[in-house]
Structure formats: structure tokens, C-alpha cells
Protein chains: 2
Amino acid sequence: MAKKAEYHHGDLRNALLAAAEEELVDKGPEKFSLRGCAKRAGVSHAAPAHHFSDTEALLQALAARGFARLTDELQALQKTAPPDPRAQLIAAGVGYVHFGINNPQLFNLMFGGHAHQMKYEELQKNGEATFSVLVNSVAKVRGQAAFQTEEGWRDVTALWSLAHGYAQLASGNKMNYVTDRPFDEQRPYIEDMLLRIIDN
Amino acid sequence: MAKKAEYHHGDLRNALLAAAEEELVDKGPEKFSLRGCAKRAGVSHAAPAHHFSDTEALLQALAARGFARLTDELQALQKTAPPDPRAQLIAAGVGYVHFGINNPQLFNLMFGGHAHQMKYEELQKNGEATFSVLVNSVAKVRGQAAFQTEEGWRDVTALWSLAHGYAQLASGNKMNYVTDRPFDEQRPYIEDMLLRIIDN
DNA sequence: GTATTAAATTTACAATGTAAAGATAATTGG
DNA sequence: CCAATTATCTTTACATTGTAAATTTAATAC
């Protein structure tokens with residue numbers, strides 16, 4: 001529990017993850033630098049090596065953390081939402097979009113990589129946890145038996161795709177005609193889109 | 001029209017763009033290197049500077065080219081599809097997904113950046129051209145008057161979001177439960193999802 | 001309290017992006 | 001047709017980066 005800058009940081013791993021997110025947010029994925037993260041955390045440039053095998057490992061850990069945070073946010077939103085299944089599902093969908101719009105760089109990191117599944121299982125696991133929030137919400141609307149047919153999976157796929165696509169297009173400034181507006185004005189449109197799928 | 005390796009390449013700009021795509025595809029966005037592109041094109045590592053101000057400019061030009069190719073593919077698909085408006089729209093939507101799945105790194109480059117709009121207007125322009133294929137297709141289904149109300153824009157937003165989200169989730173290995181199958185097996189599901197939105 | 005281990009630093013090096021200066025080919029104007 | 005100019009590419013140079021190795025310092029274990 002050291003306060004001053006000392007030889008042993010105490011919690012450098014987490015500090016580096018926080019620093020990496022800052023670095024990512026204000027320098028962008030291209031200009032991102034490991035040495036920059038170390039500087040932000042107040043340690044030498046080689047210190048990260050003791051906690052992350054290389055830059056990629058740090059970024060993947062950050063992505064994994066992003067999924068964990070997204071899962072938490074969705075669950076928190078569902079707790080404050082009305083308990084009926086449709087409202088719960090809408091809460092998750094809107095929360096998903098909200099997260100993407102508010103964390104564009106992190107969101108992109110989380111979904112930008114390819115073929116990293118095997119290598120970083122924590123990332124895989126946390127991603128699946130997020131996914132299961134959605135799946136469970138659909139199950140509560142459609143009934144558990146839905147997933148014995150393929151229709152339940154189609155619902156999940158369509159809902160997830162819709163929310164995800166909107167989130168990325170919005171956060172990437174590809175739909176300025178709608179995303180120039182504050183989020184609370186977008187919310188009814190998002191809800192409407194999601195409901196169109198739920199209500200077939 | 002020189003064949004042998006000579007001092008003046010003749011068409012280095014295009015050769016570099018082709019090299020950059022190769023480099024991106026088989027090294028990935030992290031390990032991507034400008035010097036690697038130069039080597040692939042068979043020129044010195046400083047040659048690219050005469051055609052692109054920096055690495056970012058090369059990547060943005062590649063993204064712009066990606067949008068141009070996507071637009072072409074969509075229009076080509078629409079020419080072979082049945083002429084009725086719904087089939088035309090479906091062709092564009094399915095083609096969009098197909099492009100994303102077959103060009104995951106390029107697709108990600110095209111949609112991964114942020115705040116580059118002002119700087120690289122060709123990218124902006126080509127992106128809008130792709131977008132207009134979708135908009136026009138929706139207009140032909142709904143009637144031109146649709147865009148005087150907000151409902152037409154909602155259709156566009158929902159369709160685009162759905163296609164885009166599916167494409168990215170699929171190409172990022174986040175939906176293996178469906179994307180492990182060959183594309184022709186996915187096609188009817190994709191069409192079904194798009195139709196669900198078109199048919200309200 | 002010493003030995004061992006963990007956590008950080010310092011040093012070193014190869015790879016990269018980019019700038020500057022030089023070399024070579026293409027083009028232009030007479 | 002030839003000199004001069006311009007465009008295109010190379011060579012050289014340098015700061016930044018990622019990562020490995022050796023070293024130092026603190027924490028832990030016996």
C-alpha cells in the first residue's frame with residue numbers, strides 16, 4: 001500500500017492496464033506505444049515486460065477487461081430497468097450501443113482483432129460472458145425452449161448484429177446524420193430497431 | 001510499360017496500395033510495416049514517401065480503395081440479381097456481409113478509424129458512395145418520398161447496422177456458432193434477417 | 001537474519017518511420 | 001537534338017520503439 005513512487009509499484013499490472021487505456025484513447029491505436037504506457041504509469045520502459053509478455057498481450061488483456069466492464073454495465077442497467085423480459089432485453093441492447101459510442105477505441109480493440117481466440121483465453125471467456133447476457137435476455141423473452149430450434153439463435157444473431165453494427169458505425173462517424181444528436185435522442189430509435197426484431 | 005526492375009517504377013502508387021493490402025492481410029494491423037510494403041513492391045524503404053505523406057496516409061488511401069471496391073461489388077451483384085426492388089436490396093445487404101467476411105482486415109481498416117473524415121476526403125467520399133448504394137436501394141423499395149420522413153432513415157440505419165454488425169462479428173470470430181458454416185449456408189439466414197427489417 | 005525470490009531499472013540492439021541529400025530517369029523548352 | 005528542369009527513386013542518417021539481457025533493489029521465506 002505504498003503511496004509514494006517506490007521501487008516496487010505494488011499494483012503495476014492494473015496501473016498499466018489503466019495507462020494503456022488512456023494511451024489508446026488519446027493517441028489512438030496507431031500511435032499507441034508501450035513505452036508511453038510505462039511513462040504514464042511512472043515506471044521504466046522495460047517494466048511492463050514483467051507483467052505482459054509483449055505489447056499484444058497487454059492489448060488483449062485490455063480488451064478482456066473491456067468485455068468484463070461491458071458485462072458489468074449491462075447487468076447494472078438491467079437491474080435498474082423494469083423486470084419484464086422485453087424491457088430487460090432492450091436495456092441490454094441500448095446499453096451495448098451506449099458502451100460502444102462512449103468507448104470507441106476500446107470497443108474497436110475488443111472487436112478489431114482476429115484469430116486471437118486460442119492465444120488469450122481470458123479474452124475469449126469474457127467475450128462469451130458478455131454474449132451470454134444477451135442470450136439469456138432473449139431466452140427470457142422467447143422461453144428457454146427457443147434455443148432448441150434455430151429461431152432463437154436467429155433472434156440472438158439479428159439483435160446482436162444490429163446493436164453491434166449501430167454501435168460501430170456510430171462510433172466511427174459513419175452515420176453522422178443520426179449520431180450527431182445526443183444519445184438520449186438516439187435512444188428511442190435504437191429501441192425501435194431492436195423491437196422490430198423482437199416483435200418479428 | 002517497363003517490365004524489368006528499373007529506377008522509375010511507373011505505377012508505384014498502385015503497386016504500394018496492392019502491397020499494403022498484402023502486408024495488412026498476412027501480417028495484421030499491428031505488425032504492418034511501411035518498409036514491408038516497400039519491400040513487397042520492390043523499392044527502397046523511402047520510396048513510399050513520394051506517394052504518401054506517411055503511413056497513415058497510405059492506410060487511409062487503402063481504406064478509400066476498399067470502399068470503392070465494395071461499391072463496385074455491390075453494384076455488380078445488383079446487376080445479376082432480379083430487378084425487383086426487394087431482391088436488389090437483399091443483394092446489396094448480402095454482398096456487404098460477404099465483402100466483410102472475405103476481407104476482414106481491410107473491412108476493419110475501413111471502419112476502424114476515427115476522426116479521419118476531414119483529413120482524407122477521398123475516404124469520406126468513397127464511403128458515402130457505398131452508403132448511397134444502400135440508400136438508393138431502400139428508396140426503391142419504400143418509394144422516394146420515404147426520405148422526407150424519418151422512417152426511411154430508420155430503415156436505412158437498421159439495415160446498414162444489421163449487415164455491418166453481422167459482417168464484423170462474423171469476420172472477428174465472435175459468432176462461430178453460425179460463421180463456421182460456409183457462406184452459402186449463412187446466406188438464407190442473412191436474407192431472412194434483412195427481410196425482417198424490410199417487412200417491418 | 002540470511003538466502004531466495006519477485007519486481008523494477010539500466011543497458012543494449014535490431015526494426016521502424018521519416019527527413020534530408022544525392023542519383024537517375026523522364027520531360028520540357030529552345 | 002540537346003540542355004535544363006522536374007519527377008522519381010536511393011542512400012544515408014537519426015530518433016523512437018519493442019524486446020532481451022544483465023543488474024539492482026525490495027519483499028518474502030526459511
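Computed from a predicted model, the values in this text were never measured in an experiment. Chain identifiers are assigned alphabetically (A, B, ...) following the order of the sequence lines, protein sequences preceding nucleic acid strands; residue numbering begins at 1 within each chain.
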**Gap between atoms CZ and P, on A:R40 and D:dT17 respectively (whole Å)** = 12 Å

**Message:** Measure CG/B:N14 against P/D:dT8 and give the value in whole Å, please.
**Reply:** 13 Å

**Asked** Do A:Y96 and A:E73 pass the side-chain contact (heavy atoms from CB on, under 4.5 Å) test, and can you show the C-alpha distance, the side-chain angles, and the key distance before you say yes or no?
**Response** CA-CA 9 Å; A:Y96 190 97; A:E73 285 188 19; over 6 Å; no

**Residues B:D192 and B:R187 bridged, charged N to O under 4.0 Å** = no

**Asked** B:R13 has an atom CZ; how far is it from atom C1' of D:dC9, in whole Å?
**Response** 17 Å

**Asked** Would the A:F131 and A:F67 ring centres measure less than 6.0 Å apart?
**Response** no

**Prompt:** Starting at CG of A:L12 and ending at C1' of C:dT9, how long is that distance when rounded to a whole Å?
**Reply:** 12 Å

**Complete:** From the list B:K27, B:R40, B:R69, B:R65, salt bridge (charged side-chain N to carboxylate O under 4.0 Å, His left out) with B:E21 holds only for B:R69

Could you list all N or O pairs between the protein and nucleotides 15-20 of chain C that sit under 3.5 Å apart?
unit_1, atom_1, unit_2, atom_2, d
C:dG17, OP1, B:L34, N, 2.9
C:dG17, OP2, B:L34, N, 3.0
C:dG17, OP2, B:R35, N, 3.0
C:dG17, N7, B:R35, NH1, 2.3
C:dG17, O6, B:R35, NH1, 2.9
C:dT18, OP2, B:T55, N, 3.0
C:dT18, OP2, B:T55, OG1, 3.0
C:dT18, O4, B:R35, NH1, 3.4
C:dT18, O4, B:H45, NE2, 3.2

**Request:** Can you sort out the partners of B:H51 under ring-ring contact (aromatic ring centres under 6.0 Å, His included), two or more places apart, ordered by chain and number?
**Result:** none

**Fill in**
A:A20 meets the side-chain contact (heavy atoms from CB on, under 4.5 Å) criterion, sequence neighbours left out, with A:F32, A:C37, A:L58, A:L62

